[in-house]
Amino acid sequence: MDRKSVLVGVSGGVDSTVAACQLKTEGYHVEGLYIDNGFPGCASSDAADACNKINIPLHTVYVAHAFRKGIVDYFVAEYAAGRTPNPCAICNKVIKFKYLIEEADRRGLPYIATGHYCRIEHDDLRGIFSLLCGIDAKKDQSYFLFCLGQEELSRLIFPNGGTTKEAVRATSIAEGFGSASPRESQEICFIPDNDYRRFIESFATDIPFRQGDIVTLQGDIVGRHRGIHTVTIGQRRGLNIASERPYYVLSIDKDHNRVIVGRDEEQWCSGLSVSGVSWIDPGFSKNTPQRAFTRIRYRHRGVLSSITPLTEDGRRVAVTFDSPQKAAAPGQAAVFYDGDRVLGGGWIEEVIPND
RNA sequence: UGGGGCGUCGUCAAGCGGUAAGACACAGGAUUUUGGUUCCUGCAUUCGGAGGUUCGAAUCCUCCCGCCCCAG
């Protein structure tokens, strides 16, 4: 089999199309894989059009069952538990890259690629791959990929990592792929209308979401919520509380079906406990405390922190921020960086309030 | 049914004769491969009601309605 053969995950969007095109230009034998998650809004025709234009074969895997089990059920269960899920990060590990590798293996293609704005670096001395931020800081998507391991990274190519969104868009136009790029902003891919609250209600009819009180830290009842799944930490809009100043969701008390709110200055936290940590560099896992930048949400600039392992395998860590951060939410990803390099990341379990 | 106070956007609230601030809430949009945040825009031709005075009233007068407080 051709050593320079690659299976590209194509969605039909600009990023993956340009990435595939780029690989072809570089001389790769390129094939496309469309991952059909079986949910509405998942339109394979765009992917087919894209592959036609760059003249590569397109394969499709239908993963509705796995997607539902691994992503949608998780998504709903997290909200039901009063947590804030990050389906994209999970999907990358459990669906996207998993099936890319599976299909690449089946077809004897050594490499896989996607349109993510990230880079991969190889340390020849240590034989280790690193995941780096994309050059375009505005579009960097490394936050969503912290789950990737050496296995994936060793076979991955990110053609867009070294360019900017602007350049990719320009290429798309130049190549005649379409300047329109219809739905550039896709939020949760399986919820086309972006109304995740309604999605949860209609999807999880077995979960008895009930109304409840909205209370302050002092215990004053200031409003009512329409179910714990309708709020998330840091949220301001939709609380329907008329007051001198806005209220924000501080925490969710699932057991008492209550939502705790407070003022802007009450949102800050000084640290986290993080579980399910995966370290990209195998050498990190049993390490001593270390310093790193922690990002607690996508497009968070990152805060210098001290990271202390709580278990021997390094899968659970305590994170202490050098300066307080706003509205960290259990269920969200905490991703650790050394400059541009992703060290690893995990899932926020507890948030330690400031003061 | 004696005295006093108050009734301005969903909520709080400026205005005190010169032609309805602001905040919160809400709605829409921008941003965005998670949620949230943030930003932009919109949001009372009308001031409890009816009359009157005035060139002109939410602002002054009269009556009515509705609240609140103190007395009964």
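Just so it is clear: chains get the letters A, B, ... in the order the sequence lines come, proteins before strands, and each one is counted from 1. Here the structure is a predicted model, which is why all the values come from computation and not from measurement.
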Only pairs with both distances under 3.5 Å count, Watson-Crick or wobble alike; so what is the partner of B/G66 in this structure?
B/C6
Taking the side chain of A/Cys88 as its heavy atoms from C-beta onward, which of B/G35, B/U34, B/U37 lies nearest to it?
B/U34
C1'-based separation of B/C47 from B/U37 [nearest Å]
36 Å
For atom P, what is the distance between B/C64 and B/C69, given to the nearest Å?
22 Å
Taking only Lys NZ, Arg NE, NH1 and NH2, and the carboxylate oxygens of Asp or Glu, determine whether A/Lys53 and A/Glu175 approach each other closer than 4.0 Å.
no
A/Asp264 bridged to A/Arg236 by N-O distance under 4.0 Å:
no
Using Watson-Crick or G-U wobble geometry with both distances under 3.5 Å, which nucleotide pairs with B/G56?
none
Grab the CD1-P distance between A/Ile348 and B/G36 for me, whole Å please.
16 Å
With C1' as the reference atom in both, quote the distance from B/A23 to B/A13 in angstrom, rounded to an integer.
8 Å
Grab the CD-P distance between A/Glu266 and B/U37 for me, whole Å please.
17 Å
Using OP1 and OP2 only, check whether a side-chain N or O of A/Arg197 sits under 4.0 Å from B/G36.
yes
For B/U37, does the base pair up with any side-chain atom of A/Gln235 as donor and acceptor (N or O, under 3.5 Å, distance only)?
no
Of A/Gln332 and A/Lys326, whose nearest nucleotide on RNA chain B comes first from the 5' end?
A/Gln332
When the aromatic ring centroids of A/Phe190 and A/Phe67 are compared, is their separation below 6.0 Å?
yes
Between the base of B/A27 and the side chain of A/Arg237, is one N or O donor paired with an acceptor at under 3.5 angstrom?
yes
For B/G28, which nucleotide is its Watson-Crick or G-U wobble mate, given both distances must be under 3.5 Å?
B/C40
Using atom C1' in both nucleotides, what's the gap between B/G48 and B/C6 to the nearest angstrom?
11 Å
Starting the side chain at C-beta, find the nucleotide from B/U34, B/U38, B/C24 nearest to A/Tyr143.
B/U34
Send over the distance from A/His229 NE2 to B/G36 P, rounded to a whole Å.
13 Å
Within this structure, what is the OH-to-C1' distance between A/Tyr247 and B/C26, rounded to whole angstrom?
18 Å
Give a yes/no answer on whether the side chain of A/Tyr74 brings an N or O atom under 4.0 Å of OP1 or OP2 in B/U34.
no
Using the C1' atoms only, state how far B/A44 lies from B/A20, rounded to an integer number of Å.
8 Å
Below the 4.0 Å mark, does B/U38 have OP1 or OP2 next to a side-chain nitrogen or oxygen of A/Arg299?
no
Side-chain (A/Asn160) to main-chain (A/Asp15) donor-acceptor, under 3.5 angstrom:
yes
Once you round it to whole Å, what is the distance between C1' of B/G36 and CZ of A/Arg297?
7 Å
May I ask you to say what A/Ile90 touches in the nucleic acid, namely base, sugar-phosphate or nothing, with a heavy-atom cut-off under 4.0 Å?
nothing
What integer number of Å spans the C1' atoms of B/C55 and B/C39?
45 Å
From CD of A/Glu78 across to C1' of B/G36 the rounded distance in Å is 15 Å
To the side chain of A/Thr84, which of B/U37, B/U34, B/G35 is closest?
B/G35
Sugar-phosphate, base or nothing in reach of A/Gly238, heavy atoms under 4.0 Å
sugar-phosphate
Could you tell me how far B/U31 sits from B/G18 if I compare only their C1' atoms? Round to whole Å.
44 Å
Could you check whether A/Arg263 makes a cation-pi contact with A/Tyr248, meaning its NZ or CZ is under 6.0 Å from the centre of the six-membered ring and within 45° of the ring axis?
no
Rounding to an integer number of angstrom, what distance separates B/C16 and B/A57 when you compare their P atoms?
16 Å
Return the nearest nucleotide to the side chain of A/Thr232; candidates are B/G36, B/U32, B/U34.
B/G36
Taking only side-chain N and O atoms of A/Arg236, does any of them lie within less than 4.0 angstrom of OP1 or OP2 on B/C24?
yes
Whole-Å distance separating the CD1 atom of A/Ile200 from the P atom of B/G36
11 Å
Which nucleotide wins on minimum distance to the side chain of A/Asn86, given the candidates B/G35, B/U34, B/U11?
B/U34
For A/Asp140, run the salt bridge (charged side-chain N to carboxylate O under 4.0 Å, His left out) check against A/Arg295, A/Arg301, A/Arg299 and tell me which one passes.
A/Arg295
Just the rounded figure in Å: distance from C1' of B/U32 to CD of A/Gln141.
10 Å
By the Watson-Crick or G-U definition, both distances under 3.5 Å, B/U46 is matched with none
Charged N to carboxylate O below 4.0 Å: is that the case for A/Arg169 and A/Glu166?
no
Which part of the nucleic acid does A/Pro85 contact within heavy-atom distance under 4.0 Å: base, sugar-phosphate only, or nothing?
base
Looking at A/Arg316 and A/Glu349, is there a salt bridge between them, counting it only when a charged N and a carboxylate O are closer than 4.0 Å?
yes
Contacts of A/Gly115 and A/Glu244 projected onto RNA chain B by closest heavy atom; the upstream (5') one is A/Glu244
